[in-house]
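Structure record follows, encoded as structure tokens.
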Amino acid sequence: GVVFQKALDKLLAKHVGKFIAVPLVMLAKSPAMDDLRYLFGLSEEPASDRPDARDKEMKAPHALSKSALVLPPEGRRLKRLECSVPLVLAETIDKSPVLAAILADRAKALSRDASRESLILVGYAPRSDAALAAWKTSAQAIAEQVRAKAGLRRALAVGVRSGVRYGQQDSDRKELHEAFRALTTEGRVIVVPLAPDGSLVERLLKRDLGNTAYRWDGKGVLGDRRLLDWVRSAAEAASKLPDVRQYRDGARGALSGGGR
């Protein structure tokens, strides 16, 4: 939240009348988007994306895998943005056909014979198993759209995670290996990152899959002109919306109209 607040303060110093943010988050159902909704006052609570314990022994902090991210102490909360002008958060790109179109072109660039190839769409997934289930449902819907546009044989969405417990990491690796094994027996596998940039996804995928063979170039949605066009379009649509904040931590001045 600190980085957002600093950026917002710089814009406020230029006397802007409304602050509009276009999230470069692939899926609406994700902890990253939940945290943005909290920062912008659209939700009462931030995301609670903590690794799930598989058994009593794994609830202890030392049971986290060596690759785990350091979690914030219990009770620490994000601080909502403070702003004296209306705040608006635009929709995510999965609400637009642009995402599937970009990803389909990424897949076609790697394809040799689409009718005999399968797509695996891989993204950075939530640490919570409950949140992971919802994330997979949304990601699979995108994967099917990409498959249809690219003319591929099959499509599967999978997630890679960091900061999870040993049991979760073992389960993730088993699921990934089984998915790749099943699809590679049917033909060539193309892997496309469901991400702005594929670097983090690639690192975690290699960690979990080892030397498993698949076609990959690491290109996410960044660098495609259609993404810039979508950002402009999303910002323009959001500019017509009023301040939709429902929750606040405080304010640096009275909001001039439209706020709640």
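We find that Glu202 and Lys206 are joined by a salt bridge, their nearest charged nitrogen and carboxylate oxygen being less than 4.0 Å apart. Contact check on Arg226 versus Asp229 returns no salt bridge, with no Lys/Arg side-chain nitrogen under 4.0 Å from an Asp/Glu carboxylate oxygen.
Minimum interatomic distance between Ser30 and Leu27 (heavy atoms only, all atoms of both residues): OG-O, 2.9 Å. In this structure, Leu89 and Met33 approach most closely via the heavy-atom pair CD2-CE, 3.6 Å. Across Ala47 and Asp35, no two heavy atoms sit closer than the pair N-OD1, 2.9 Å. Between Ala107 and Leu152, the shortest heavy-atom distance links the atoms CB-CD1, 4.1 Å. The two residues Val85 and Arg245 come nearest to each other via the heavy atoms O-NH2, 3.0 Å. Across all their heavy atoms, Trp230 and Pro23 have their closest contact at CH2-O, 3.7 Å.
A distance-only check finds no donor-acceptor pair linking the side chain of Arg161 to the backbone of Ala125 [under 3.5 Å]. Judged by distance alone, the side chain of Lys149 and the main-chain N or O of Leu103 form no donor-acceptor pair under 3.5 Å. The backbone N or O of Ser239 lies less than 3.5 Å from a partner atom in the side chain of Lys18, making a donor-acceptor pair. With hydrogens and angles ignored, the 3.5 Å screen pairs a side-chain donor or acceptor of Asp49 with a backbone N or O of Ser128. Remark: the backbone N or O of Ala234 is not paired with any side-chain donor or acceptor of Glu91 at under 3.5 angstrom. A distance-only check finds a donor-acceptor pair linking the side chain of Gln140 to the backbone of Ala155 [under 3.5 Å]. Judged purely by atom type and a 3.5 angstrom limit, Ser43 uses its side chain to pair as donor or acceptor with the backbone of Tyr38.
The aromatic rings of Phe40 and Phe19 lie parallel to each other, their planes meeting at an angle below 30°, with 60° marking the opposite boundary.
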Quiz item: How far apart are the C-alpha atoms of Arg181 and Glu178, what are their side-chain angles, what is the distance that settles it, and do they pass the salt bridge (Lys or Arg N to Asp or Glu O under 4.0 Å) test?
Solution: CA-CA 5 Å; Arg181 188 181 303 114; Glu178 289 178 349; 5.4 Å; no
Practice problem: Would you check, one step at a time, whether the test salt bridge (Lys or Arg N to Asp or Glu O under 4.0 Å) holds for Asp105 with Lys108? | Solution: CA-CA 5 Å; Asp105 284 347; Lys108 286 189 283 188; 3.4 Å; yes
Practice problem: Evaluate the criterion side-chain hydrogen bond (donor to acceptor under 3.5 Å, both in side chains) for residue pair Gln168 and Asp172; output intermediate values, then yes/no. | Solution: CA-CA 6 Å; Gln168 290 174 285; Asp172 289 350; over 6 Å; no
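Defined by atom type and a distance below 3.5 Å, a donor-acceptor pair is missing between the side-chain atoms of Thr184 and Tyr214.
The hydrophobic clustering, which links ILVMFWY residues whose side-chain heavy atoms are closer than 4.5 Å, places Leu200 and Leu121 apart.
Tested against Arg154 for a salt bridge (Lys or Arg N to Asp or Glu O under 4.0 Å), the candidates Glu186, Glu117, Glu144 yield a single pass: Glu186.
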